[in-house]
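To keep things clear, I will list the structure first and then write my remarks on it.
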Amino acid sequence: MERLKYIALKNKKDMEANKKVRVRFAPSPTGPLHMGGVRTALYNYLFARQNGGTFILRIEDTDSHRFVPGAEDYIIDSLKWCGIEIDEGVSVGGPHAPYRQSERAAIYKKYAEQLVEGGFAYYSFDTSESLNALRAEAESKGETFAYDASVRGSLETSIKLSAEEVASRIARGDVWVIRFKMPENRLVEMDDIIRGHMSVNTNTLDDKVLFKSADNLPTYHLANIVDDHLMEVSHVIRGEEWLPSLPLHYLLYEAFGWERPEFAHLPLLLKPQGKGKLSKRDGDKLGFPVFPTEWVSADGDVSKGYREEGYLPQAFINMLALLGWNPGTEQEIFSMDELINTFSLERVSKSGARFNPEKAKWFNTHYLQNSSDEFLASLLMPMLEKHGVKTIEEKAIAAISLIKNRISFPNDLFTQTSYMFIAPTEFDPKSIRKFWKEENVEHLREMISLFEAMDVVEAEAAEEAIREWVTANEYPMGKVMNTLRLAIIGVSQGPSILEICAFIGKDEMLKRINFALNNIPTK
RNA sequence: GCUCGAUUCGUCUAAUGGUUAGGACAAAAGAUUCUCAUUCUUUAAAUAGCAGUUCGAUUCUGCUAUCGAGUACCA
């Protein structure tokens with residue numbers, strides 16, 4: 001209730017201000033984009049599209065140590081495959097270029113200095129070694145070291161040191177950082193579109209590093225706020241892992257005197273079993289992809305991708321959209337356009353969503369089976385060709401129509417139709433034991449004459465003829481048909497065997513029966 | 001440990017101060033069939049626990065438990 005009221009008020013305010021919706025997806029190029037990241041991008045995209053806004057891609061590469069070559073291209077390629085179009089940002093440009101933070105390095109320093117001048121931040125000369133020592137010491141006493149108001153006056157900071165000393169240390173090249181001076185004992189009141197109202201006391205927060213001199217780059221916190229402001233971002237939609245830094249970000253906006261955007265923190269994606277959030281490892285272990293597209297790491301490790309595993313992007317997106325959001329109706333199948341129309345941040349759930357690979361498969365089955373015959377044929381024909389089978393679209397479509405309701409992945413198209421194009425040379429031993437006894441084979445021999453009497457084999461007519469013959473002789477229908485099936489396709493499964501016979505034609509059919517009769521020993 | 005957040009069938013979730021707590025995936029049973037599937041029809045399956053407010057709470061409040069995130073000169 002509280003939340004709804006807040007949202008209604010916000011929406012009204014936004015409308016009055018006629019504020020343009022601008023959202024950003026801001027991954028750091030430290031590796032392939034995980035499906036949780038894709039969902040974050042998707043929600044941003046849907047929100048932008050729905051409001052006639054702009055979807056920005058910004059690359060947050062302020063950590064020079066964790067940069068992974070190829071990751072940026074991977075992100076762009078994956079978004080493209082998903083149908084998420086970038087309006088502005090890396091790879092397309094825009095009025096606020098550059099959109100790669102490493103290329104914006106020159107921008108941030110003056111903002112950090114502005115904060116120092118305003119008394120909201122300070123220089124700190126402590127080395128990481130000395131800080132590690134302090135942490136270790138605290139830990140040995142069972143305490144946690146926090147760089148906060150209790151220590152900033154006694155450590156090597158511009159608060160303790162004189163202005164001259166600070167200036168000379170900087171001049172002589174000492175390594176420094178700029179830290180945010182967390183105010184003492186203040187209750188920060190925050191609002192989140194998904195979570196509602198929250199508050200936290202600043203005494204529980206520490207003095208985060210905003211700028212590091214070692215590489216002359218800002219940390220995430222500073223770069224993020226500065227860029228969101230400069231790029232006129234209206235809504236920050238990001239993962240829940242950022243929730244603990246929200247008070248800092250509020251305070252940063254306040255210190256700069258900038259209007260802050262709206263915030264929405266998305267719930268996490270959890271692993272299918274056990275504890276914790278979804279990670280790369282889970283996919284390897286449980287056999288499902290964690291990434292939208294395949295990723296090969298520098299040392300040659302291959303991580304599966306949904307694309308390469310045969311998922312259609314529509315299915316992947318539909319599945320992802322429903323992981324943490326629902327329309328409040330019973331509709332589950334959504335095209336991208338439908339998602340754009342019905343999505344709302346207010347209906348995003350607060351708790352983490354456990355990913356279910358079975359459901360992902362179900363979505364793919366749905367989308368694949370509802371694809372056009374032409375599309376499916378275009379997937380099947382190259383696979384047939386790889387196995388030396390040349391065929392025409394018409395024939396491929398005819399085969400597909402027999403097995404359309406049995407496919408979940410494109411590969412199934414081939415495995416389910418291969419025996420229509422390629423005669424079996426091996427026969428399933430289990431089926432042989434069951435359907436290849438003396439009498440079965442006798443019946444099959446008799447059946448040949450039935451087929452020979454036909455000009456062409458047509459499924460319905462053939463079935464009628466067989467039924468008459470079976471009834472007249474009091475033969476078991478099931479056995480007879482399965483023996484035929486075994487001879488024609490080599491296994492005891494698949495669609496109507498007479499449909500298959502009609503598909504391959506009389507000559508091929510008799511050829512296969514003869515081959516079976518000559519090659520399968522009776523039991 | 002501390003801070004923040006979360007908790008409805010196995011999973012994703014809907015709904016409500018009074019309902020037989022709804023749907024989907026998965027599971028089970030039956031029907032159909034030449035087999036395997038499909039399809040159809042059924043079934044089973046949940047408000048974490050304890051207090052409080054209330055005529056009445058799963059819904060509101062508090063506590064506990066559990067889970068998650070954060071606690072970096074990473075994002």
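Note that the structure is predicted; figures quoted are calculated from it, not measured. Note on naming: letters A, B, ... go to the chains in the order of the sequence lines (proteins, then strands), and numbering restarts at 1 for each one.
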May I have the distance from Asp206(A) (atom CG) to C4(B) (atom C1'), rounded to whole angstrom? 14 Å
Any donor-acceptor pair under 3.5 Å linking the side-chain atoms of Tyr122(A) with those of Asp207(A)? yes
How is Ser351(A) classified with respect to the nucleic acid when contacts are heavy atoms under 4.0 Å: base, sugar-phosphate, or nothing? sugar-phosphate
More than 12 heavy atoms from other groups under 6.0 Å of CD on Glu143(A): yes
Let me know the distance between CG of Asp412(A) and C1' of A37(B), rounded to the nearest Å. 12 Å
Rounded to whole Å, please give me the gap between NZ in Lys271(A) and C1' in G10(B). 18 Å
What does Asp126(A) touch in the nucleic acid at a heavy-atom separation under 4.0 angstrom: a base, only the sugar-phosphate, or nothing? base
Distance check needed: U33(B) P versus Lys479(A) NZ, whole Å only. 18 Å
Sugar-phosphate, base or nothing in reach of Gly324(A), heavy atoms under 4.0 Å: sugar-phosphate
Once you measure the plane-to-plane angle for Tyr147(A) and Phe145(A), does it fall in the parallel (<30°), tilted (30-60°) or perpendicular (>60°) bin? perpendicular
Under-4.0 Å side-chain N/O to phosphate OP1/OP2 contact, Arg354(A) with U7(B): no
Sugar-phosphate only, base, or nothing, as touched by Thr127(A) at under 4.0 Å among non-hydrogen atoms: base
Same-atom distance (P) from G10(B) to U42(B), integer angstrom: 23 Å
Could you check whether the rings of Trp176(A) and Tyr123(A) sit parallel, tilted or perpendicular, using 30° and 60° as the cut-offs? perpendicular
To the nearest angstrom, the CG-P distance between Leu270(A) and G10(B) comes to 17 Å
Gap between atoms CG and P, on Asn132(A) and C73(B) respectively (whole Å): 8 Å
OP1 or OP2 of A72(B) sitting under 4.0 Å from any side-chain N/O of Arg66(A)? no
For the base of C34(B), is there a side-chain donor-acceptor partner from Ser496(A) under 3.5 Å away? yes
Base, sugar-phosphate, or nothing for Arg485(A), non-hydrogen atoms under 4.0 angstrom? base
Residue-phosphate contact under 4.0 Å: Lys212(A) side-chain N/O, A75(B) OP1/OP2: yes
Arg179(A) side-chain N/O to C73(B) phosphate OP1/OP2 under 4.0 Å: yes
For the residue pair Trp325(A) and Phe343(A), categorise the inter-ring angle as parallel (less than 30°), tilted (30 to 60°) or perpendicular (more than 60°). tilted
Specify the separation, in whole Å, of atom CD1 of Ile500(A) and atom C1' of A37(B). 12 Å
